[in-house]
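One structure below.
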Amino acid sequence: EVVGKIGLISVEQAEQAIQAAKAAFASWRQTPVPERAGVLRKAADLMEKRRAELSACMVLEVGKPVRECDGEVSEAIDFCRYYADEMERLDAGHHYDIAGETNRYNYQPRGISLIISPWNFPLAIPTGMTVASLVTGNCTLLKPAEVSSVITAKLSEILVEAGIPRGVFQYVPGKGSTVGAYMVKHPDVHMITFTGSQEVGCRIYADAAILQPGQKHLKRVIAEMGGKNAIIVDESADLDQAVQGVVQSAFGYSGQKCSACSRVIVLEPIYDAFVERLVEATRSLNVGPAEAPSTQVGPVIDANARDRIMEYIEKGRQEAKVALEMSAPNNGYFIGPTIFSEVPPEATIVQEEIFGPVLAVMRVKNFEEAIAVGNNTNFALTGGLYSRTPSHIQQAETEFEVGNLYINRGITGAIVARQPFGGFKLSGVGSKAGGPDYLLQFLEPRVVTENIQRQGFAPIEGVD
Ligand code: NAD
């Protein structure tokens, strides 16, 4: 089914876009903040009006089930409204005045800003990164993931209709490895905001660090990357709640959320009971086309992803026990939810991000071991704990190395300004999206100090 047709820009067109952004910067940086914030609020209202169409486009373009697409439109709207408010707050700056001297602390935009987005939240993530960059006064180029370029084109239509001036925002669909890399290395680009895989994020970080001929600044890079998120279930947990939370966190959008649970760490006394119930609960999921209202698990994004995930499943068979392998339709890129049990802590399937409906269950003897196994990856994005033991909850709060920790609930579905989102270690560099520090990354702080002790006035000619 053809959802839309897109073109991919050439390197020459990317160059033209960067020059157009430079030309537009002088006036956008001086556009008053209420006016810039107004564009975001208008964009939010337009998304509200086009909610059904945007959802439908995501269902068809990236195979996300209907209900999750609706939630994603809400998140995109929240980003617009929240960052509009946040920029108005920051615009007040700070005053550190003393007698005889004013000290004014204010923010200015950085310049030309490149956004590189992933396909798995094809509307919310590019919207958040783009509007944050725009409202702070930067001229912004948005490069979507190739497989989600149609929905991003709709976001672009919305920003144009909301009144974003020409050159200030540009949609630059193109191939990451050529056009994306060219723009990352461009001497006129001031900052790059990336969300995607660790591999690409690390490469962009390195490329951006190289000073190019003619470049008069160092580039700022924000890189939100992958995860290998674990939920710990201790012996005091409410198993009904834990099973349901793990199933939703692991298999929602076929495990293709950066926050998805891909490891469950279960304490010995309840291990067997938990695995048995987890398998039965997972078996009841409906696997099918994303557009069917009853579908809970849709397809994965494309043939490459399907093949890569199948390789990990093969690897899992060698490393652990298959507890469940569900069948799936064979007329598309479907993979049935798969659970491995008795997985050793160094296994590939618990160390590498799989990005599919594959869950590894590990057995541990005590809570200390659970935390140690939880922390034993390169990532630190989301984590969860099901427990009714206050000392365990407290220990997890301080010792579980994750950017977002969820206690006695699922670990996906962060809400703007409620669960600001983002990780550390190899899950990323940068402040949390949807949180109070996010916009600061797009701004350059400046301080102006003036001695205002009376020192006479310069005479102006012609005035008595
Ligand atoms: P990806 O890294 O393959 O691609 C992301 C973007 O980078 C795409 O737009 C791609 O075209 C571009 N790109 C590729 N090579 C490039 C290069 N050399 N230079 C410049 N740009 C280049 O990621 P994906 O498959 O689209 O998304 C899935 C990944 O994103 C997962 O690892 C997931 O964990 C991660 N993710 C993280 C978060 C978070 O907030 N931490 C959120 C969503 C997704």
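One-based numbering, in listed order, for ligands and for the atoms of each. These numbers come from the heavy atoms of this one structure, side chains and all, not from hydrogens, waters or symmetry mates.
- Taking each of Ala260, Gly176, Gly430 in turn, the one with a heavy atom nearest to atom 19 (N) of ligand 1 proves to be Gly176.
- Annotation: cation-pi geometry not satisfied between Lys228 and Phe379 (NZ/CZ under 6.0 angstrom from ring centroid, within 45° of ring axis).
- Between the side chains of Thr140 and Asn138, no donor-acceptor pair of N or O atoms lies under 3.5 Å.
- For atom 25 (O) of ligand 1, the nearest protein heavy atom (residue, atom name, distance) is Trp119 NE1, 2.8 Å.
- One finds a salt bridge joining Arg51 and Glu48 here, because a Lys/Arg side-chain nitrogen approaches an Asp/Glu carboxylate oxygen to under 4.0 Å.
- Of all protein heavy atoms, the one closest to atom 36 (N) of ligand 1 is Cys258 CB, 3.5 Å.
- Below 30°, between 30° and 60°, or above 60°: for Tyr253 and Trp119 the angle between ring planes is above 60°, a perpendicular geometry.
- A side-chain N or O of Glu352 and one of Tyr312 form a donor-acceptor pair less than 3.5 Å apart.
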Using distance only, find each side-chain donor-acceptor pair of residues 302-309 under 3.5 Å and give its atom names and separation, not counting sequence neighbours.
unit_1	atom_1	unit_2	atom_2	d
Asp302	OD1	Asn304	N	3.4
Asp302	OD1	Ala305	N	2.9
Arg308	NH2	Ile354	O	3.2

Sequence neighbours excluded and cut-off under 3.5 Å, please list the side-chain donor-acceptor pairs for residues 202-215, or say none.
unit_1	atom_1	unit_2	atom_2	d
Gln215	OE1	Gln212	N	3.1
Gln215	NE2	His217	O	2.7

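- Annotation: atom 35 (C) of ligand 1 to nearest protein heavy atom, Gly196 O, 3.1 Å.
- The pair Glu72-Arg67 does not count as a salt bridge, with every side-chain nitrogen at least 4.0 angstrom from each carboxylate oxygen.
- The nearest heavy-atom contact from the protein to atom 27 (O) of ligand 1 is Pro118 CB, 3.4 Å.
- Remark: ligand 1 atoms within the under-4.0 Å shell around heavy atoms of Asn120 are 43 (C), 44 (C).
- Looking only at heavy atoms of the protein, atom 40 (O) of ligand 1 is closest to Phe421 CE2, 3.4 Å.
- Nearest to atom 34 (O) of ligand 1 among the protein's heavy atoms is Glu353 OE2, 2.7 Å.
- Shown here, atom 4 (O) of ligand 1 is out of close reach of the protein: none of its heavy atoms lies under 4.0 Å off.
- Within ligand 1, the atoms closer than 4.0 Å to a non-hydrogen atom of Val200 are 2 (O), 7 (O), 13 (N), 14 (C), 15 (N), 16 (C), 22 (C), numbered from 1 in the order shown.
- The N/O atoms of Arg203, backbone and side chain alike, include none that comes under 3.5 Å of an N/O atom in ligand 1.
- Ionic pairing of Lys42 and Glu161 is not present here: no N-O contact between side-chain nitrogen and carboxylate oxygen is shorter than 4.0 angstrom.
- The shortest non-hydrogen separation linking Pro299 to Ser254 is O-OG, 3.4 Å.
- Within ligand 1, counting atoms from 1 as listed, the ones closer than 4.0 Å to a heavy atom of Glu146 are 10 (C), 11 (O).
- The shortest N or O to N or O distance between Lys175 and ligand 1 is not under 3.5 Å.
- Salt-bridge check for Asp188 with Lys219: failed, with every basic side-chain N at 4.0 Å or more from each acidic carboxylate O.
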Pair Asn286-Ser294, side-chain hydrogen bond (donor to acceptor under 3.5 Å, both in side chains): steps then yes or no: CA-CA 7 Å; Asn286 293 325; Ser294 60; 4.5 Å; no

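- Listed by atom number, the atoms of ligand 1 under 4.0 Å from Ile125 heavy atoms are 42 (C), 43 (C).
- Near Gly180, the atoms of ligand 1 lying under 4.0 angstrom from a non-hydrogen atom of the residue are 19 (N), 20 (C).
- Distances from atom 28 (C) of ligand 1 to the heavy atoms of Phe194, Tyr182, Phe355 show the closest one on Phe355.
- Ligand-side atoms of ligand 1 in range of Ile116: 6 (C), 7 (O), 9 (O), 12 (C), 20 (C), 21 (N), range being under 4.0 angstrom from any heavy atom.
- Using a non-hydrogen distance threshold of 4.0 Å, Pro144 registers as a contact of ligand 1.
- Contacts with ligand 1 closer than 4.0 Å are made by backbone heavy atoms (N, CA, C, O) of Met225 only, the side chain lying farther away.
- From the protein, the heavy atom lying nearest to atom 23 (O) of ligand 1 is Ser197 N, 3.4 Å.
- The two residues Val350 and Arg263 come nearest to each other via the heavy atoms O-CD, 3.5 Å.
- The shortest contact between atom 9 (O) of ligand 1 and any protein heavy atom is with Ser117 O, 2.8 Å.
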